[in-house]
Amino acid sequence: MSSNAKGPNPVSRRGFLKTTVATGGAGVAIAAAGLHPKEAEAAEIKWDRSADVVVVGAGVSGLACACAARDAGASVIMIDENFDIGGRGMLSGGSIQLGGGHSLQKKYGTVDSADMIFADWTRHDHPSSRYSDRDIVRKFADENAATFEFLLAHGVQFTGREEGGGGASTNAGRTYQTVEWHIPSQVMAPHRGRNGSGLVRRLEESARKAGVEILLRHSMTSIIRESPRSGRVLGITARYMDKDINVQGKKGVFVGTGGHPGNVNLRRTFDPRLTEEYQQACAPYARQSGAAEVMSMAIGASLWATALQTSQSGAAITKTAHIGCQWGYGQLVIETDSPIFHLARATGLTVASWQDVIMVNQTGKRFWNELDGSYNFIAAAMAYNGDPDKLNGGGPIWAIFDSDAVAREKWNPKPPNVDPLYFASGATLKELAASINNPYQKRPMPGTVLQETVERYNSFVTSGVDTDFKKPKPMYKIEKPPFYAAWATPILHDSLTGLRVNTDQQVIDIFGQVIPGLYTGGESMGGLAQHGLGRDLVSGRIAGLHAGRSPSGTR
Ligand SMILES: Cc1cc2nc3c(=O)[nH]c(=O)nc-3n(C[C@H](O)[C@H](O)[C@H](O)COP(=O)(O)OP(=O)(O)OC[C@H]3O[C@@H](n4cnc5c(N)ncnc54)[C@H](O)[C@@H]3O)c2cc1C
């Protein structure tokens, strides 16, 4: 095993020049063969750090990759742009979907096999399996049980078996939840079911114990390849405190930056409707920067399974559960005692019944039955809303309600429960519309339109029939001031599309060839449109083992 070299380490390899230039977040490699030796020497890469395997992204797939690469005997440096490890895994529920007949399944008497997993995740009748690459699914199925045992070997603890398979899975005994990390100050939302903290902290603990070095607040700005479209990936450039450092990966570089919902430009490659107003579920803690995809594409990588970003199913884009805050995803509430509350700014108002509100778009019009949480609701929210200046994406969605609704829901519509930028109130509906002051509300909501919308809805309550959107038995009029508008725009979660890989998690270029030395996994990969931790852990571990076992500096 080689050790991590510290400090500047000029590297001269073969007779030609390798260097990188960062260009607006993405980087390109420059090759200039045939230079005068002195010129070539001047432009040699100065490696600030070096290891066998460099892992970019200390989230779920990155931690699995780092542990596996160490298991294979490789030295590892991890970098992450965040102030702490874990990525979105830190705020996840920690419900891990892995099966194939592992030891806990045997303990609970669950019958499962790799073939059963393969059969589930190649179903043509389910949107989360029909777009996946069958070779990748086969490898995923074959590596499920081994990945679960790998977690146990690295100290991950489980609470027991959960009911439910998720996605295309037909096996109810394939979901296991990790135990929450035991030090509350190291959990971003302690005691609120964010048990994923136990997964990432245990892997971190194991990785550090094994000698993995983790460089936080280091943001990857480019991938260094021998030449722009050929040759080996040699390392990466990362920005740390306004300084660029080059980190060499002698056996390989793994990029697992969590997918692309946080990158508006890239996510619109997959779905043009995903314009700037849609927020991502975990943004106050970890952004899904798309860095792995963008920087790999800059050196020739291909995307894969681009048919649909969301597969029109699952949690990839969802209705909000908490309104009046910027990020109101599902079970995730960032309470005032959370170490990251100052980033979230508000807890949001949790909606118990969607009968208590109506939803309007930025022009003040209803667009769908508020009780529906299916993809039809999302599609209607994202549809053209009649504003000629906003042809893509539906613009902000607002929940409109009155003081009677506040009483029924037992809400306290004040900070820190609501964020003034994502919440408004008014003595009249016109005043309410005028008081919406939000960066994504590009033009004022017309007060007369909002008033007409509410009056029409109130008439549906009288008649008992919603002739516009068929909301079953509209129950409550909106009539008692003050009136309120709370941010309720659908929120992004998974990336189900990403970089093209082979079954060893090596990144494939636009000509169908392996890019030697470059690996990816987790939500940065395409070809396996599956939600969550199971895919991330299996792919990270496969990549780590392959990179860690490969000879230094060879293809
Ligand atoms: C609220 C919530 C609940 C969830 N619950 C579950 C659950 O119960 N079960 C389940 O299966 N799945 C769950 N998930 C999904 C799961 O957490 C993700 O699938 C998983 O974290 C993705 O792993 P990843 O390695 O691809 O990315 P992440 O874990 O997000 O890690 C990516 C890392 O890359 C870093 N990064 C980004 N850009 C750069 C850059 N340029 N340079 C350096 N570092 C960078 C980020 O800071 C981050 O640490 C949940 C997700 C959320 C948001």
Side-chain angles (χ1 to χ4, degrees), residues 25-27 54-66 78-98 162 164 166-167 169 174-178 188-189 192-197 199-200 203-204 214-223 236-240 247 254-263 280-295 314-316 318 321 327-334 491-496 498-499 520-525 530-540 543:
V54 174
V55 175
V56 180
V60 175
S61 60
L63 284 162
C65 177
M78 293 189 85
I79 73 152
D80 199 292
E81 65 174 15
N82 206 359
F83 66 89
D84 205 343
I85 63 100
R88 285 170 309 125
M90 178 66 87
L91 285 167
S92 76
S95 292
I96 303 180
Q97 206 186 109
L98 285 174
E162 273 186 76
S169 186
R174 215 177 264 160
T175 305
Y176 293 81
Q177 195 181 37
T178 50
M188 299 305 150
R192 295 194 178 84
R194 305 297 86 209
N195 290 26
S197 58
L199 168 68
V200 292
L203 291 179
E204 176 200 14
I214 305 179
L215 307 178
L216 297 171
R217 296 190 166 92
H218 283 66
S219 182
M220 176 175 70
T221 53
S222 66
I223 297 171
I236 57 118
T237 303
R239 183 142 272 250
Y240 173 65
V247 188
F254 174 87
V255 286
T257 55
H260 49 266
N263 183 325
Q280 50 151 145
C282 234
Y285 186 62
R287 69 188 182 119
Q288 293 162 283
S289 65
E293 294 93 315
V294 171
M295 289 163 205
T318 63
W327 301 282
Y329 176 78
Q331 305 92 332
L332 179 57
V333 176
I334 297 175
I491 191 155
L492 294 163
H493 189 284
D494 301 59
S495 285
L496 300 174
L499 291 165
T520 193
E523 295 200 22
S524 299
M525 70 182 276
Q530 186 186 91
H531 164 77
L533 302 167
R535 165 181 71 151
D536 309 325
L537 291 162
V538 170
S539 57

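All ligand and atom numbering here is 1-based and tracks the order in the structure.
- Contact annotation for H218 and ligand 1: only backbone heavy atoms (N, CA, C, O) come within less than 4.0 Å of the ligand.
- Distances between N or O atoms of H493 and those of ligand 1 include no value under 3.5 Å.
- In this structure, I96 and T178 have side chains that are in contact, with non-hydrogen atoms separated by less than 4.5 Å.
- Using a 4.0 Å cut-off to heavy atoms of G532, the atoms of ligand 1 that qualify are 10 (C), 11 (O), 12 (N), 19 (O).
- Relative ring orientation between F83 and Y285 is described as perpendicular, the plane-to-plane angle rising above 60° on a 0-90° scale split at 30° and 60°.
- Checked by distance only, ligand 1 and L91 stay at 3.5 Å or farther apart across all their nitrogen or oxygen atoms.
- Proximity to G256 (heavy-atom distance under 4.0 Å) selects the following atoms of ligand 1: 32 (C), 33 (C), 34 (O).
- The backbone N or O of R535 lies less than 3.5 Å from a partner atom in the side chain of S539, making a donor-acceptor pair.
- Within ligand 1, counting atoms from 1 as listed, the ones closer than 4.0 Å to a heavy atom of S61 are 24 (P), 25 (O), 26 (O).
- Near G93, meaning under 4.0 Å from one of its heavy atoms, ligand 1 places the atoms 3 (C), 4 (C), 5 (N), 6 (C), 7 (C), 8 (O).
- Only the side chain of R194 comes within 4.0 Å of ligand 1, counting heavy atoms alone; its backbone N, CA, C and O stay farther away.
- Proximity to G258 (heavy-atom distance under 4.0 Å) selects the following atoms of ligand 1: 24 (P), 26 (O), 27 (O), 32 (C).
- For the residue pair Q288 and H260, no side-chain donor N or O sits within less than 3.5 Å of a side-chain acceptor on the partner.
- Atoms CE and OG1, from M295 and T257 in turn, are 8.0 Å apart once rounded to the nearest 0.5 Å.
- Considering backbone and side-chain N/O atoms, G534 never comes within less than 3.5 Å of an N/O atom of ligand 1.
- Note that the CG atom of N82 and the CZ atom of R88 stand 12.0 Å from one another [nearest 0.5 Å].
- When atom types are taken as modelled, the side chain of N263 and the backbone of S289 share a donor-acceptor pair closer than 3.5 angstrom.
- The backbone and the side chain of S219 each have at least one atom closer than 4.0 Å to an atom of ligand 1 (non-hydrogen atoms only).
- For ligand 1, none of its N or O atoms has an N or O atom of G522 under 3.5 Å away.
- For ligand 1, the atoms lying closer than 4.0 Å to a non-hydrogen atom of S289 are 37 (C), 38 (N), 39 (C).
- Contact atoms of ligand 1 toward M220: 40 (C), 41 (N), 42 (N), 43 (C) (distance under 4.0 Å to a heavy atom of the residue).
- Distances between N or O atoms of R88 and those of ligand 1 include at least one value under 3.5 Å.
- Considering both main-chain and side-chain atoms, G89 comes within under 3.5 Å of ligand 1 through a nitrogen or oxygen pair.
- Within the 3.5 Å criterion, the main-chain N or O of S222 finds no donor-acceptor partner in the side chain of T237.
- For ligand 1, one of its N or O atoms has an N or O atom of V60 under 3.5 Å away.
- In terms of protein heavy-atom proximity, atom 45 (C) of ligand 1 is closest to E81 CG, 3.6 Å.
- Side-chain atoms of F254 and V56, non-hydrogen and from C-beta on, never get closer than 4.5 Å to each other.
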Task: Test log, rule side chain to side chain contact (heavy atoms under 4.5 Å, CB included), inputs E81 and H218 - done: CA-CA 5 Å; E81 65 174 15; H218 283 66; over 6 Å; no
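- In terms of polar-atom proximity, E523 is counted as a contact of ligand 1, with an N or O under 3.5 Å from an N or O of the ligand.
- A heavy-atom distance below 4.5 Å is not found between the side chains of R239 and M220.
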